[in-house]
Protein chains: 2
Amino acid sequence: MSQSFTEENYLKHIYKLSKKSDKGVSTNALAERLETKASSVTDMIKKLAAKKLVDYKKYQGVTLTKKGQKIAVDIIRKHRLWEVFLLEHLGFGGEEVHDVAEELEHINSAELVERLDKFLGYPKYDPHGGPIPDSEGIFPEPKRVKLDELEVGRKTKVMGITEHSDAFLLHLKKLGMELGTDFHLKERFDFDRSVEIELNNKTIQLSHDVAKNIFVAH
Amino acid sequence: MSQSFTEENYLKHIYKLSKKSDKGVSTNALAERLETKASSVTDMIKKLAAKKLVDYKKYQGVTLTKKGQKIAVDIIRKHRLWEVFLLEHLGFGGEEVHDVAEELEHINSAELVERLDKFLGYPKYDPHGGPIPDSEGIFPEPKRVKLDELEVGRKTKVMGITEHSDAFLLHLKKLGMELGTDFHLKERFDFDRSVEIELNNKTIQLSHDVAKNIFVAH
DNA sequence: ATCAAAATTTAGATAGGTCTAAAAATAAAT
DNA sequence: ATTTATTTTTAGACCTATCTAAATTTTGAT
Ligand SMILES: [Mn+2]
Ligand SMILES: [Mn+2]
Ligand SMILES: [Mn+2]
Ligand SMILES: [Mn+2]
């Protein structure tokens, strides 16, 4: 069975949104992500459910089935491999890459993907740090690094801490950082090694004492 | 204005078929090429005509407008650039390449095409000898000529073909002619324009139908 | 010039994807 | 517990691309 571009985009975004919480993905959230209307989402979800790619109960949101998940992960694999190619071999910079990868990810050829993967040297992460699943859909073990060593510009997430005092835990809680919290490392200031991060649309400063005690995904 | 994959494929095949004769491309010829029905072709042609991409009068066949031609040539450019990439960099062999290029040619990004072209070293011909037009739509000067126009007596080599049917490919294989094969044009017979060539120490006759479909080095 | 065959176009139907407006269900407030 | 607001679904419509079957035009033979 083969999917349309549209179906593949739905599956991919259901996958990504479902990581954010453990409940089903809501119709509105999906509509916003896909820049379409809620009614269109409902229609499409029904079609995907008929194909057994998602589980769906009215008003309860959607989740991917195993089959749907496999397809979603494969799209992500292709997207990230193409981004590696565009950035590292064609010399693309920054933004433009994503839109092109958004189209290339739908090119349908297992042979092509495997050869591209080989050509690129079997990368495990794309240039934004996004992990690239293998052809079985297995993601690489996320390398962990301390926040004070991470390259500026990375999107990352909290993977662990090396300091377990109540004071530190309370501090993190107040900042809104917990295990799994996603954020973006915007800047590091050389004079005191403090960092500036963006988390939940807020910009926050962290001292080096804090940063050096947080493990983040690389 | 942007075209669908389908529209682009129509334009490309109208372009290619229109090279074969100087009359408009017939509905049936297009239907056969595109593996669809004549009625579907009529529908699509009307739409392309409404967009001013083709000129069309009922029952008279279609021709491309300047605008349509530009798009068609650009698709051919992309197709051939991708084939160079797939064959020379990803290590694809023979057949598989074409189908993948058939999809890749529709990826919509001028930036991508220019960067790919640069990455490949601005090739002028694809690995099958097909000329690659530049971004302005200009084809390279053919340092190639069809075998039925080559001067008698020349030593030359197979540079490409203009007929890609299985029957023709098989025929060439049987004759021992493939891309790059060297041979010597010994004689041309005026009464049927057949030619006699010497290849691997054997003397072979080729009908005009065969000769006119083989590109050779000039 | 007439008739038959082939090519082409039209009519009507189906399926995918989307939208607006209205109805129904759920969640939040009072 | 009611009422109100929000979310989600349904109903009905539209556009693209395709098909089959029937009608029309052109081509080619007699
Ligand atoms: Mn991306
Ligand atoms: Mn996409
Ligand atoms: Mn090709
Ligand atoms: Mn194509």
Side-chain angles (χ1 to χ4, degrees), chain A residues 1-14 17-18 20-64 68 71-72 75 102-103 105-106 108, chain B residues 1-14 17-18 20-64 68 71-72 75 102-103 105-106 108:
Chain A
M1 201 194 306
S2 183
Q3 288 74 43
S4 67
F5 281 28
T6 308
E7 289 173 315
E8 290 183 347
N9 283 331
Y10 269 83
L11 293 173
K12 186 177 74 169
H13 285 107
I14 292 169
L17 287 171
S18 69
K20 305 227 159 179
S21 103
D22 41 1
K23 304 188 352 190
V25 174
S26 80
T27 302
N28 267 0
L30 213 39
E32 186 178 1
R33 249 317 180 59
L34 294 160
E35 298 179 48
T36 185
K37 303 294 169 175
S39 54
S40 304
V41 171
T42 303
D43 287 346
M44 178 57 81
I45 284 172
K46 284 180 183 168
K47 208 176 62 175
L48 294 174
K51 290 190 177 184
K52 308 274 189 197
L53 299 175
V54 301
D55 289 318
Y56 169 60
K57 285 198 209 72
K58 276 188 195 176
Y59 296 98
Q60 301 309 123
V62 266
T63 54
L64 294 174
I71 294 167
I75 302 296
E102 202 58 47
E103 294 193 42
E105 69 188 359
H106 304 291
N108 194 346
Chain B
M1 199 193 308
S2 182
Q3 287 74 43
S4 68
F5 280 29
T6 308
E7 290 172 314
E8 291 183 347
N9 282 331
Y10 269 82
L11 292 173
K12 184 177 74 169
H13 284 106
I14 292 169
L17 287 170
S18 69
K20 304 227 161 179
S21 102
D22 42 2
K23 302 182 5 183
V25 175
S26 80
T27 302
N28 267 0
L30 258 180
E32 186 178 1
R33 249 314 181 59
L34 293 161
E35 296 179 51
T36 185
K37 304 295 172 179
S39 54
S40 304
V41 171
T42 302
D43 287 346
M44 178 59 81
I45 284 173
K46 285 180 184 168
K47 208 174 63 173
L48 294 174
K51 291 189 177 187
K52 309 274 190 195
L53 299 174
V54 300
D55 289 317
Y56 169 61
K57 285 200 209 70
K58 277 190 192 177
Y59 295 98
Q60 302 307 125
V62 265
T63 53
L64 294 175
I71 294 168
I75 302 297
E102 202 58 47
E103 295 193 42
E105 70 188 0
H106 304 292
N108 195 345

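Just so it is clear: chains get the letters A, B, ... in the order the sequence lines come, proteins before strands, and each one is counted from 1.
Judged as a side-chain hydrogen bond (donor to acceptor under 3.5 Å, both in side chains), and not counting sequence neighbours, A:Lys37 has no contacts. With sequence neighbours excluded, the residues that form a ring-ring contact (aromatic ring centres under 6.0 Å, His included) with A:His106 are A:Phe5.
Put simply, CD on A:Glu8 is 15 Å from C1' on C:dG16, counting in whole angstrom units. Atom P of nucleotide C:dT14 and atom NZ of B:Lys37 are separated by 18 Å, given to the nearest angstrom.
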Problem - Residues B:Val41, B:Asn28; criterion side chain to side chain contact (heavy atoms under 4.5 Å, CB included); working and verdict - result: CA-CA 8 Å; B:Val41 171; B:Asn28 267 0; over 6 Å; no

Exercise for the section: Go through A:Gln3 and A:Leu53 one step at a time and tell me if the side chain to side chain contact (heavy atoms under 4.5 Å, CB included) criterion holds. Expected result: CA-CA 10 Å; A:Gln3 288 74 43; A:Leu53 299 175; 4.2 Å; yes

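Where A:Glu35 and A:Tyr59 each meet DNA chain C at their nearest nucleotide, the meeting point lying more 5' is that of A:Glu35. In terms of position on DNA chain C, the residue among A:Phe5 and A:Gln60 whose nearest nucleotide sits closer to the 5' end is A:Phe5.
For B:Ser40 and D:dT18, the shortest distance from a side-chain N or O to OP1 or OP2 is not below 4.0 Å. For D:dT9, one of the phosphate oxygens OP1 or OP2 lies less than 4.0 angstrom from a side-chain nitrogen or oxygen of A:Tyr56. Here B:Tyr10 does not reach the OP1 or OP2 of D:dT16: none of its side-chain N or O atoms lies under 4.0 Å away. Within the structure, a side-chain polar atom (N or O) of A:Thr36 is placed less than 4.0 Å from OP1 or OP2 of C:dC19. The phosphate of C:dA24 has neither OP1 nor OP2 within less than 4.0 Å of any side-chain N or O from A:Lys58.
Of the residues in residues 20-30 of chain A, those with a non-hydrogen atom less than 4.0 angstrom from any atom of DNA chain D are A:Ser26, A:Thr27, A:Asn28.
For a distance-only test at 3.5 Å, the side chain of B:Ser39 qualifies as a donor-acceptor partner of the base of D:dT20.
If you check every strand for non-hydrogen atoms under 4.0 Å, B:Thr6 touches sugar and phosphate atoms only. As judged by a 4.0 angstrom heavy-atom cut-off over every strand, A:Lys57 is placed among residues making no nucleic acid contact.
Around the NZ atom of B:Lys51, the shell of radius 6.0 Å holds more than 12 heavy atoms that belong to other residues, nucleotides or ligands.
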